[in-house]
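Working notes, structure below.
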Amino acid sequence: MKELSKIWMNGKFVDWKNAKIHILTHALHYGTAIFEGMRCYDTPQGPAIFRMDDHYKRFFQGSKSYQFDVNFTMDQLKDATRQLVLKNKVRSCYIRPILYVGYASIGISIVDKPFDVAIIPVDFTKYFGDKADGISCSISSWRRISANILSPHVKASANYLNSVLAKREALNSGYDEAVMLTQDGHVSEGTGENVFIIQNGVLVTPPLYDGVLAGITRQTVMELAYEMDIPVRERPILRDELYSAEEMFLCGTAAEITPVLNVDQRKIGDEAGPLTKKIRETYFDVVRGKDERFIRWLDFVHK
Ligand code: PMP
């Protein structure tokens, strides 16, 4: 990974090499962090952060659920994020804001513990690298965490141990990604992506009550589909519906729109299907500022 120059920590721009925390940081021991993943894209009007408001809204909602204090306002964090892109002199990057319980003393309680915030710019382009045009998925033997264990709606660090188990299992078996099911056997999501299938020309995705993160890319895809007159349904999906899907893709800020070409060795296609291609092309135009209809989603770094 290429190092960039600055990281924002609790109100200060710190040199990359000095962005350190104490080994007794609560979050390291107990998974007490809430984070976001956003992308800054290069557009004809300069670098722009895609749906920054929506990402910070989810960040604040998560912090409220867990009773983590954020010692900064949304405007302060948005401003810091724009400045961070400028200071690092990048035209595009991935951005990782993180709110974490800091260093005080050992013990689980978060009462009277410090809450720290950092924003980290990361230099990376394609999440699936040279597989970005089509991946293979397995159905994980690990079930997705359910709402009465940990909230799947909050982007909390602890949730990602569930994803780590599923991802490692998939890679061990030669697949690129895992799709997790709920305890009831409904399709939930990938380890860092939401799932869509196309069935009889209809775009189908699991509902939020099936253990999925309310993905901002998921929401974007649904709005683009509406504009493109592609019908969308949110409903529980069973495993075999992935095997017989006409098309399938995963989506997320990091993964963008990634076509799925086979699931558990059942072939879906040799390449992205026609609707997936159409949605993917439109998505890339939107995030890169080439579609005037959705320019409101871009937060330009040069104000
Ligand atoms: N599900 C999980 C578990 C994720 O980690 C992500 C990535 N944030 C997503 C879905 C997609 O969310 P978004 O489109 O907001 O990046």
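All ligand and atom numbering here is 1-based and tracks the order in the structure.
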F284 meets the ring pair (Phe, Tyr, Trp, His ring centres under 6.0 Å) criterion, sequence neighbours left out, with none
Are any of the side-chain nitrogens in E241 or R235 under 4.0 Å away from the carboxylate oxygens of its partner? yes
Taken in chain and number order and not counting sequence neighbours, the residues that satisfy side-chain hydrogen bond (donor to acceptor under 3.5 Å, both in side chains) with D75 are none
*asked:* Salt bridge check, D53 against R296: does any charged N sit closer than 4.0 Å to a carboxylate O?
replied: no
When you check ligand 1 against the protein, what N or O pairs turn up below 3.5 Å? List the atom names and distances, or just say none.
residue: ligand 1; atom: 1 (N); partner: E189; partner atom: OE1; Å: 2.7
residue: ligand 1; atom: 5 (O); partner: K155; partner atom: NZ; Å: 3.3
residue: ligand 1; atom: 5 (O); partner: Y160; partner atom: OH; Å: 2.4
residue: ligand 1; atom: 8 (N); partner: K155; partner atom: NZ; Å: 2.8
residue: ligand 1; atom: 14 (O); partner: I216; partner atom: N; Å: 3.2
residue: ligand 1; atom: 14 (O); partner: T217; partner atom: N; Å: 2.8
residue: ligand 1; atom: 14 (O); partner: T217; partner atom: OG1; Å: 2.6
residue: ligand 1; atom: 15 (O); partner: R58; partner atom: NH1; Å: 2.8
residue: ligand 1; atom: 15 (O); partner: R58; partner atom: NH2; Å: 3.0
residue: ligand 1; atom: 15 (O); partner: I216; partner atom: N; Å: 2.7
residue: ligand 1; atom: 16 (O); partner: T253; partner atom: N; Å: 2.9
residue: ligand 1; atom: 16 (O); partner: T253; partner atom: OG1; Å: 2.6

For H186, the side-chain hydrogen bond (donor to acceptor under 3.5 Å, both in side chains) test, sequence neighbours excluded, returns D210
**Study point:** Residues E256 and R39 bridged, charged N to O under 4.0 Å
**Key:** yes
